[in-house]
Amino acid sequence: MPKEEFPPWPTVYWYFTWWHDDGTVERIHDALRGLVREADGRSAEPSAGLIDSQSVRTADTVPVTTRGFDAGRKVKGRKRFIVTDTLGLLLAVHVVAANIQDRDGAKHTLLWTRLDHPGVQKIWADQGFAGRLVEWTRTILGRELEIVRKAPDQRGFQVQPKRRAVERTFSWITAHRRLARENSARH
């Protein structure tokens with residue numbers, strides 16, 4: 001990088017922005033994920049994933065054009081879509097207005113997973129992703145999207161065994177104060 005592009009006193013934010021823009025943050029994340037997977041006795045690249053969404057409230061500083069209302073969850077804000085591997089490590093993230101249906105908002109996240117992690121052949125999802133998205137994933141992406149259904153006698157919320165890792169990842173994300181609410185207009 002030429003000397004004139006450096007500010008007189010580079011800040012942490014300046015370095016983060018520089019590393020984000022040139023892909024360094026993503027390369028570090030991918031390398032660490034591979035090391036964690038190998039330490040667990042798995043291949044560095046996953047062959048299966050889990051998708052889910054989470055609606056979160058937004059701060060007043062977030063532009064109205066990027067917010068929506070999720071009527072099912074009764075949340076005004078944004079919806080985060082994530083795909084994780086079976087350990088709960090992030091593969092793809094996409095943030096949209098909360099009024100976007102799961103089966104519509106998931107397409108970008110599934111596409112990015114297909115492009116960035118071609119070894120992922122199967123992805124498990126909850127019933128909110130059922131319908132046309134299953135066929136779209138099969139025909140367009142050439143991948144299997146399996147819907148994990150509740151037991152017929154189940155009452156209330158229970159984490160499904162195949163989906164435990166993605167639910168845990170959302171729990172980790174919201175446990176950090178700055179990530180519990182969408183504050184940024186950068187999405």
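In this text the structure is predicted, and so the values were computed from the model without any measurement. Positions are given from 1 along the sequence.
Between the OG atom of Ser55 and the CZ atom of Phe69 there is a distance of 9.5 Å, given to the nearest 0.5 Å. In this structure, His20 NE2 and Tyr13 OH are separated by 9.5 Å, a value rounded to the nearest 0.5 Å. One distance of note links CZ of Phe16 with CH2 of Trp19; it measures 10.5 Å at 0.5 Å rounding. Rounded to the nearest 0.5 angstrom, Arg164 CZ and Thr169 OG1 are separated by 12.0 Å.
Looking at every heavy atom in both residues, Gly68 comes nearest to Ala98 through O-CB, 3.6 Å. The two atoms that bring Leu90 and Arg33 nearest to each other are O-NH1, 2.7 Å, heavy atoms only. Scanning all heavy atoms of the two residues, the minimum distance from Trp172 to Gly88 falls at CZ3-O, 4.2 Å.
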Tell me, with the steps shown, if Thr113 and Arg143 meet side chain to side chain contact (heavy atoms under 4.5 Å, CB included). CA-CA 10 Å; Thr113 302; Arg143 299 296 182 261; over 6 Å; no
Between Val95 and Lys79, is the side chain to side chain contact (heavy atoms under 4.5 Å, CB included) condition met? List the steps. CA-CA 6 Å; Val95 180; Lys79 189 177 285 190; over 6 Å; no
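With contacts defined as side-chain heavy-atom distances shorter than 4.5 Å, the pair Ser47/Lys122 does not qualify. Using a 4.5 Å heavy-atom cutoff, the side chains of Ser53 and Arg73 are in contact.
When the side-chain contact (heavy atoms from CB on, under 4.5 Å) test is applied to Ala31, no partner is found at least two apart in sequence or on another chain. Checked against salt bridge (Lys or Arg N to Asp or Glu O under 4.0 Å), Glu38 has no partners two or more places apart in sequence or in another chain. Legend: residues meeting ring pair (Phe, Tyr, Trp, His ring centres under 6.0 Å) with His29, ordered by chain and number and at least two apart, are absent. Arg27 meets the salt bridge (Lys or Arg N to Asp or Glu O under 4.0 Å) test with no other residue; sequence neighbours excluded. Applying the side-chain hydrogen bond (donor to acceptor under 3.5 Å, both in side chains) test to His117 and every residue at least two apart in sequence or in another chain returns Glu45. Under the rule for a side-chain hydrogen bond (donor to acceptor under 3.5 Å, both in side chains), Arg168 has no partner lying at least two apart in sequence or in another chain. Partners of Asp116 by side-chain hydrogen bond (donor to acceptor under 3.5 Å, both in side chains), not counting sequence neighbours: none found. Under the side-chain hydrogen bond (donor to acceptor under 3.5 Å, both in side chains) criterion, Ser171 pairs with no residue at all, not counting sequence neighbours.
Residue pairs meeting the side chain to side chain donor-acceptor pair (under 3.5 Å) criterion with at least one partner in residues 125-134, sequence neighbours excluded, do not occur; the list is empty.
Cluster partners of Phe129, by chain and number: Ile51, Phe81, Val83, Leu91, Val96, Ile100, Leu110, Leu111, Leu115, Val120, Ile123, Leu133, Val134, Trp136, Ile140, Leu141, Leu145, Ile147. The rule joins Ile, Leu, Val, Met, Phe, Trp and Tyr whenever side-chain heavy atoms lie under 4.5 Å apart. Counting Ile, Leu, Val, Met, Phe, Trp and Tyr side chains that sit under 4.5 Å apart, directly or through other members, Val12 stands alone, with no cluster partners. Grouping Ile, Leu, Val, Met, Phe, Trp and Tyr residues whose side-chain heavy atoms lie under 4.5 Å apart, directly or via other members, places Val36 in a hydrophobic cluster with Leu87, Leu89.
Proximity of a side-chain donor or acceptor of Arg37 to a complementary backbone N or O of Ser43 within less than 3.5 Å is detected. In this structure, the side chain of Asp40 does not engage the main chain of Arg42 through any donor-acceptor pair within 3.5 Å. Judged purely by atom type and a 3.5 angstrom limit, Thr109 has no side-chain atom pairing as donor or acceptor with the backbone of Ile82.
Val62 pairs in a side chain to side chain contact (heavy atoms under 4.5 Å, CB included) with only one of the listed residues (Val64, Thr58, Thr65), which is Thr58.
Taking the charged nitrogens against the carboxylate oxygens, Arg80 and Asp52 have no contact shorter than 4.0 Å, which rules out a salt bridge.
Cluster membership for Tyr15 and Val25, using ILVMFWY side-chain heavy atoms within less than 4.5 angstrom, is shared.
With hydrogens and angles left out, the side-chain atoms of Arg114 and Thr137 include no donor and acceptor closer than 3.5 Å.
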